[in-house]
Each structure stands twice: as structure tokens, then as C-alpha cells.
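So the structure is just underneath, and the comments pick up after that.
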Amino acid sequence: MGEVPRIPRRRRWWLLGIAALLAALAGYGNYVLITTQDERVDVLVLIHDVGWGHPINDADLGVAKAVPAQPLASIPVSDRDRVIGQFARSTLSSGTVLTPGQLTEQPVPGPGERLVGLPVKPGHLPSRGLTAGDLVQVVPVAGSAGTDAQQTPASPAAPFRARVLGIGPPDSAGAVTVDVVVGGDAAAAATSAAAGQVVVVQLGPGA
């Protein structure tokens, strides 16, 4: 028997066209990726937590690569010397990419404010503790004055609001010193409270 003649296959040119288009798109994507990476700049990031009102030290700063989406979205590494010594407007966590709006040249306490250290006994502040920037209500409580034979309760000062700047380590009795910033109108009450006993109540937003 003779061989059956083969029917020539028609080349599918449209498949070749799609393959060529996909290859071109892949090449363009790689080009865009490489170009974008080349546009990345060195920016300043925090490598330590910095509390509200605390200064930025050289040891707090690290460098990361970033693509600047906006001109003021980050701080270039060339501004490192200018950033050192500025103060955090809020509590900033490690890994934060610094922006100009997070920093201020205004030290804490500011004009008209006072920084007062309040000794606080265990149980007189939230068990989870306080952090820099927390808004609190300080409530002086009556202590005792006089001799053991005759003690009279001391008159407590009026409650006042304050902003926590920091907390010292506990002493042998578990008491801590809470540094708070108060306005000039509460300076007298804060000074009086620092000589006695206080209860520190953390306030929520809008309180």
C-alpha cells in the first residue's frame, strides 16, 4: 500500500505573536523593577524606641532604603546631624521611618510647663504601667503627719492632669517615680502632690 500523503500543518502565527508580547512585557517589568530599585534613597529609621518628649540620639538612628513617594515622606540620611537632638512628638517605635512631622525642636517641658517627679506606691497606678505621652489624672490622697502618738491626716491637693514623660525603676518597696509635665496653672498642685501620696489614673482619648 502506498503512503498516505501528509497534510501540511498551518502555523499558528497568533500564538507566536502572543509569546513575543509576553516576552516583551516580562522584559519591561524587569526594567521597571531595576529602575525603581536604582531610584531608592537612604533614609533615616529608628533602631530603638523613643518616648514622647525624649531627644533623638545618634545611637537611635539607622539607615534603610526607600522609594520616596512624596518629597516630605521621609528624612534623607544626609539630614542625620540635623535630626540628632530633636524631640519626639509622640512615642515612636523601633523600625519607624522618620518623617519631619514626627519631630520637633521644642524641648520638654516647653514654655510655661513644669516637670515634676511624683513618687507612686504599688497599686496607685495601672498594673500594666504607663508609657511616655500618656495623659493621666493625678489624684493626691491624704497622708499622715505628726508623731506616732498623734497623727493627723494631711490635706490633699486638688487633682490635676499631666502628661507622662518617663518612669524610673522601682525602689526596694516597689514604688516608682513618675515624671510628669504639667502646665503652669497646675505647678503648685503638682509640687504639693510630690511631697505626699498620689493615685495616677490613665485617661483615654478625648477625656
Side-chain angles (χ1 to χ4, degrees), residues 46 48-61 82-96 98-207:
L46 288 179
H48 301 122
D49 295 342
V50 177
W52 166 78
H54 289 252
I56 305 294
N57 299 315
D58 184 66
D60 298 322
L61 297 175
R82 181 180 62 83
V83 168
I84 295 173
Q86 293 199 40
F87 301 88
R89 288 181 178 270
S90 61
T91 298
L92 303 175
S93 302
S94 175
T96 299
L98 289 177
T99 63
Q102 295 170 329
L103 306 176
T104 179
E105 296 181 356
Q106 179 63 56
V108 177
E113 296 178 332
R114 302 290 187 273
L115 177 61
V116 182
L118 301 175
V120 184
K121 294 183 176 181
H124 284 195
L125 76 168
S127 61
R128 68 178 184 179
L130 299 168
T131 58
D134 285 345
L135 179 64
V136 296
Q137 179 90 353
V138 180
V139 183
V141 295
S144 297
T147 62
D148 293 338
Q150 184 178 3
Q151 294 183 345
T152 58
S155 299
F160 58 91
R161 291 190 176 191
R163 185 77 65 176
V164 176
L165 182 63
I167 302 177
D171 61 16
S172 58
V176 297
T177 297
V178 180
D179 291 338
V180 298
V181 177
V182 298
D185 57 341
T191 302
S192 176
Q197 301 180 25
V198 297
V199 173
V200 179
V201 180
Q202 184 177 2
L203 302 176

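When a residue number appears, it is its place in the shown sequence, counting from 1. Just so we're clear, the structure is a prediction, and the values are computed from it rather than from any experiment.
Contact detail for Pro170 and Val176: the closest heavy-atom pair is CA-CG1, 3.7 Å. The two atoms that bring Leu92 and Leu46 nearest to each other are CB-CD1, 3.4 Å, heavy atoms only. When every heavy atom of Thr91 is checked against every heavy atom of Ala132, the shortest pair comes out as OG1-O, 2.6 Å. Heavy atoms only, all atoms of each residue included: Pro119 and Gly117 are closest at CD-O, 3.7 Å. The two residues Pro55 and Val50 have their closest heavy-atom pair at O-CG1, 4.1 Å. Taking all atoms of both residues into account, the shortest heavy-atom contact from Ala173 to Pro122 is O-CG, 3.6 Å.
In this structure, Asp179 and Val116 have side chains that are not in contact, with every pair of non-hydrogen atoms separated by 4.5 Å or more. Here the side chains of Leu203 and Arg161 are in contact, with some heavy-atom distance below 4.5 Å. Taking the side chain as every heavy atom from C-beta outward, Leu61 and Leu98 approach each other to under 4.5 Å. Put simply, the side chain of Arg163 reaches to within 4.5 Å of the side chain of Trp52, judged on heavy atoms. The shortest side-chain heavy-atom distance between Val180 and Leu165 does not fall under the 4.5 Å cut-off. In this structure, Gln202 and Arg128 have side chains that are in contact, with non-hydrogen atoms separated by less than 4.5 Å. Between Val120 and Thr177 the shortest side-chain heavy-atom distance does not fall below 4.5 Å. In this structure the side chain of Leu130 reaches within 4.5 angstrom of the side chain of Val136, judged on heavy atoms.
Between the Thr96 side chain and the Ser93 main chain, a donor and an acceptor come within less than 3.5 Å of each other. Distance alone, capped at 3.5 Å, places no donor-acceptor pair between the Asn57 side chain and the Asp60 backbone.
Here the CD atom belonging to Gln102 is positioned 11.5 Å from the CD atom belonging to Gln86, to the nearest 0.5 angstrom. Taking NE2 from His48 and NE2 from His54, the interatomic distance works out to 14.5 Å, rounded to the nearest 0.5 Å. Remark: Gln197 CD to His124 NE2 distance equals 6.0 Å, nearest 0.5 Å. The CG atom of Leu125 lies 10.5 Å from the CG atom of Asp134; values are rounded to the nearest 0.5 Å.
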(message) Val182 vs Phe160, test: side chain to side chain contact (heavy atoms under 4.5 Å, CB included). Steps then yes/no.
(response) CA-CA 8 Å; Val182 298; Phe160 58 91; 3.9 Å; yes
